[in-house]
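A quick write-up on the structure given underneath.
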2 protein chains.
Amino acid sequence: MKIGLRHIRYFLVLAEDLNFRRASEHLHISQPALTRTIQHLEAELQVTLFDRSQNFVRLTDAGRAFREGGQRVLNGMEATIDLTRRVSIGEAGALRVGYTDFAIADALPELLKRFHQEHPGITVRPHHGVTATQIQELKDDKLDIGFVTGPVRQPGFHSRVVQTDRPICIVPEGHRLASRKSVALGDLADEDFVHGPAEAWAHFYDYLFPLCRKAGFQPRIVQEAFNSVGILGLVSCGMGITILTESIYDFGTGGLVPLPIRDVADVMVTEAVWASENLRLPTQHFVDFLESQDSG
Amino acid sequence: MKIGLRHIRYFLVLAEDLNFRRASEHLHISQPALTRTIQHLEAELQVTLFDRSQNFVRLTDAGRAFREGGQRVLNGMEATIDLTRRVSIGEAGALRVGYTDFAIADALPELLKRFHQEHPGITVRPHHGVTATQIQELKDDKLDIGFVTGPVRQPGFHSRVVQTDRPICIVPEGHRLASRKSVALGDLADEDFVHGPAEAWAHFYDYLFPLCRKAGFQPRIVQEAFNSVGILGLVSCGMGITILTESIYDFGTGGLVPLPIRDVADVMVTEAVWASENLRLPTQHFVDFLESQDSG
DNA sequence: TTTCATGATACCTATTATGCATCAGAAACT
DNA sequence: AGTTTCTGATGCATAATAGGTATCATGAAA
C-alpha cells in the first residue's frame, strides 16, 4: 500500500478534531473507515502518529511533524492544480518577448506595462536580440513575439507596426551646426561620424546608409560605441556627430544638440512579429491586446 | 474521482518518456492502465496535459506547469515522510532548553555545541527563565530540559550538576581593597553594594545573603542593575562593589579588580533538570548525552 | 451498577485500478 | 503496393482498495 493524498486529508482533519467520530463526520465517512485509514497510514510510515486512549487522542511529536509537512503537500497540490488550470486557459503562463535597442527605447516598456495590467498572471520574459536573430528564434519556437526593425515580410508570420522613428542628427555644443534649427542630410557629408554597435544596429544602418548615398556621400566612421549611451558620450566629447532616432536620443541629454533632418521622409519602423498559426494562449492574448491598442 | 499522488507519479514518468508504452514499463504497469490514469487525471483537471498523436506525445503548456508543481508536491511528500520517520526515532525534532544567566555564562554553550555535533537533526530552542519559572514550565511540559540554580529536589524530576560557581568579589581600581590578594566576607560589611537584576538573580542572592548573615552583616544595596554588564559598569564607575560568580565576571574586564573570597566554602551549583518519566526522544537523547559527558 | 462515549474489529459491498485482448491509425520497411 | 511494426485507445473481466453497518471492549460519568 502507498500513502496517498487521501491519507493526508483524513489525517489533517483528525489532527484538528482529535476525535475519530467527529473527524469522520467532517469527512463524510464512517468512523471505522477513518480508523482504518489512519492505521494504514501509520503502518506504511511505520510511525505512530496519534496517542490514543478511550479518553483522548493526541498527536505524537512525529504526528506534529507529519501535520506540518502534510499541510504543505496539500497546499502545494492545490496551488499546482489551480496554476495548471489557469495556464490551460491562458490566465497564467510565460510570454517570450524579443526586443531590439530601438523597441526597448520607446514603445515596448509602456506596451508591456499595459499588457501586464490586463494579464497579471502572464510572466513576460524579455530576450534581447537583433532582428535576424529574433526571426530565427520565432521559427525555432524559442520566442513568442518579436519586436524587430521592419518591415517584416516573412511567410508564416504576421506583423504589426508598433513604433515609427525619424532619424535625428546629434552634434556637440559648440559644433559648427549647433546653432541651426535643422539640417539637410547633405550638410553632413564632411563630418566625422560616431557609429552605433555594429551588429545590433545593422538594420538601422541598412535604413540610414542608403539615404546618405542618395544624398551623395558615404559617412566617415571614426568611432564605434557599444551602446546608445556610449554614442552620445563620444559625441559630447567632440569625437564626431551621429545620427540616431528620436526615441533613443530621449535617453541622453547634457552637452548635446539635436537637429531634425528636414529632407528625410522615410521612417524606420519597429514591428511586433508573431507566427500566424498554432499560437500559444499567452501569445494569442498578447496579439489580441496589440489589436486592441488601436481604439485605446 | 480525486487526484492522487499515483496520478502525479504516472504523469511525471510519462512526461519524462513521452511514450505511453515505455513509461508503462518503467512504472511496471500495462500501457492501457497508464492511458486511462492520464485520461482520468486530465478529466479531473479539465485540462489537456499532453498533445497526442500516433507519432509523438508532447507536453502542453499546462502540462509543463503541472510537471513542475507535481514534482514539487512529490518531493515535499518524500521529505515529509522522511522527516516524520526521523522524528519518530528521535533523529530529528526540537529540544526546548531553559537557561539562567548563570548557565548561559559558562557550561551551557559548550554543552549545546557538543550535543548539536552528536545530534545534528535536533533543533535546540533556548528559553531564558529564572529557576522557579523553569520548574513550572517543566511541569507544564513547556520545557524539556531546564538549566537552573540548584540544588533541585523536585518529586518527579531528575537533575544533574553541570556547573559549580564560586562567589567572587569585584571592586573598582583604586578601591581600598583593590590591592588585596583576597578578602574575607566580613571585610565587606561596611561596603556599598551593586545588586544584580532582582528577579532573575533571586536564587543567587538566596545563596549569598545567608552567607553574609553568617559573617555578621547585611549587604547595603545602593544600586540595582538590569544585567551583569550593568553591574560591572556601575562597579567600575565607583558606585559600589559587588559579589558575583567567576563565570559571569569572565565576560567583563576593564577597570575592575576581582578578589577571591577566602572564607566561603559553599559553591553555587547549576543543574540540568528533567522530568523522570515519559521523556520525548530528543530529551532522552540529551539526557544520555549529559550522562556521557562524565567520561569525555 | 448502569449509561454513555470512545476507538477497534468483523464482514460485506461499492468503487477503483489493473491486465489481457484487441482496435485503429500512421510510419517504415519489403 | 503490401506488409509489418510502431503508436495510443477501448471493452471486458479481475483484483485491490475504500467504505458502510453492526458490534465489541474499555473507561468515564451518572
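What you see below is based on every heavy atom in this structure, not just the backbone, and it leaves out hydrogens, waters and symmetry mates. Model, not experiment: these values are computed from the prediction.
- Straight-line distance from the CG atom of B/L41 to the P atom of C/dT16: 15 Å, rounded to whole Å.
- Rounded to whole Å, atom C1' of D/dA22 lies 12 Å from atom CZ of A/R21.
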Just the atom pairs and distances: protein N or O near nucleotides 11-14 of chain C's N or O, under 3.5 Å.
unit_1 : atom_1 : unit_2 : atom_2 : d
C/dC11 : N4     : A/R36  : NH1    : 3.0

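- DNA chain D lies under 4.0 Å from at least one heavy atom of each of the following residues of residues 27-35 of chain B: B/Q31, B/P32, B/T35.
- For the pair B/R22 and B/D17, the salt-bridge criterion is not met [side-chain N within less than 4.0 Å of a carboxylate O].
- Salt bridge status for A/E110 with A/R114: present, with a side-chain N to carboxylate O gap under 4.0 Å.
- The distance from atom CZ of A/F56 to atom P of D/dT26 is 17 Å, rounded to the nearest whole Å.
- Of the possible donor and acceptor atoms, one in the side chain of B/S276 sits under 3.5 Å from a partner among the backbone N and O of B/G156.
- Remark: B/T37 is in phosphate contact with C/dT18, judged by side-chain N or O atoms under 4.0 Å from OP1 or OP2.
- B/I38 places its CD1 atom 11 Å from the P atom of D/dG8, with the value rounded to the nearest Å.
- Whole-Å rounding puts the A/D51 CG to C/dT6 C1' distance at 16 Å.
- As a whole-Å value, the separation of A/K2 NZ from D/dA16 C1' is 16 Å.
- One atom, CD of B/E25, and another, C1' of D/dC6, lie 13 Å apart when rounded to the nearest Å.
- Here B/E137 does not pair with B/K142 in a salt bridge; the nearest charged N to carboxylate O distance is not below 4.0 Å.
- With rounding to whole Å, A/D17 atom CG is found 14 Å from C/dT6 atom C1'.
- Listed for the A/H116 side chain is no donor-acceptor partner under 3.5 Å among the backbone atoms of A/K113.
- Residues B/D82 and B/R85 are not paired through a salt bridge, judged by the lack of any N-O separation under 4.0 Å between the basic side chain and the carboxylate.
- In this model, the phosphate group of C/dT6 is not approached by any side-chain N or O of A/R52 to a distance below 4.0 Å at OP1 or OP2.
- B/F50 comes within 4.0 angstrom of no nucleic acid atom, judged by non-hydrogen atoms across all strands.
- With B/R9 contributing its side chain and B/L27 its backbone, the two residues share no donor-acceptor pair below 3.5 Å.
- Of the N and O atoms on the side chains of A/T35 and A/Q31, at least one donor lies less than 3.5 Å from an acceptor on the other residue.
- Not one side-chain nitrogen or oxygen of A/R6 sits closer than 4.0 Å to the OP1 or OP2 atom of C/dT15.
- Side-chain atoms of B/R67 do not come within 3.5 Å of backbone N or O of B/L12 as any donor-acceptor pair.
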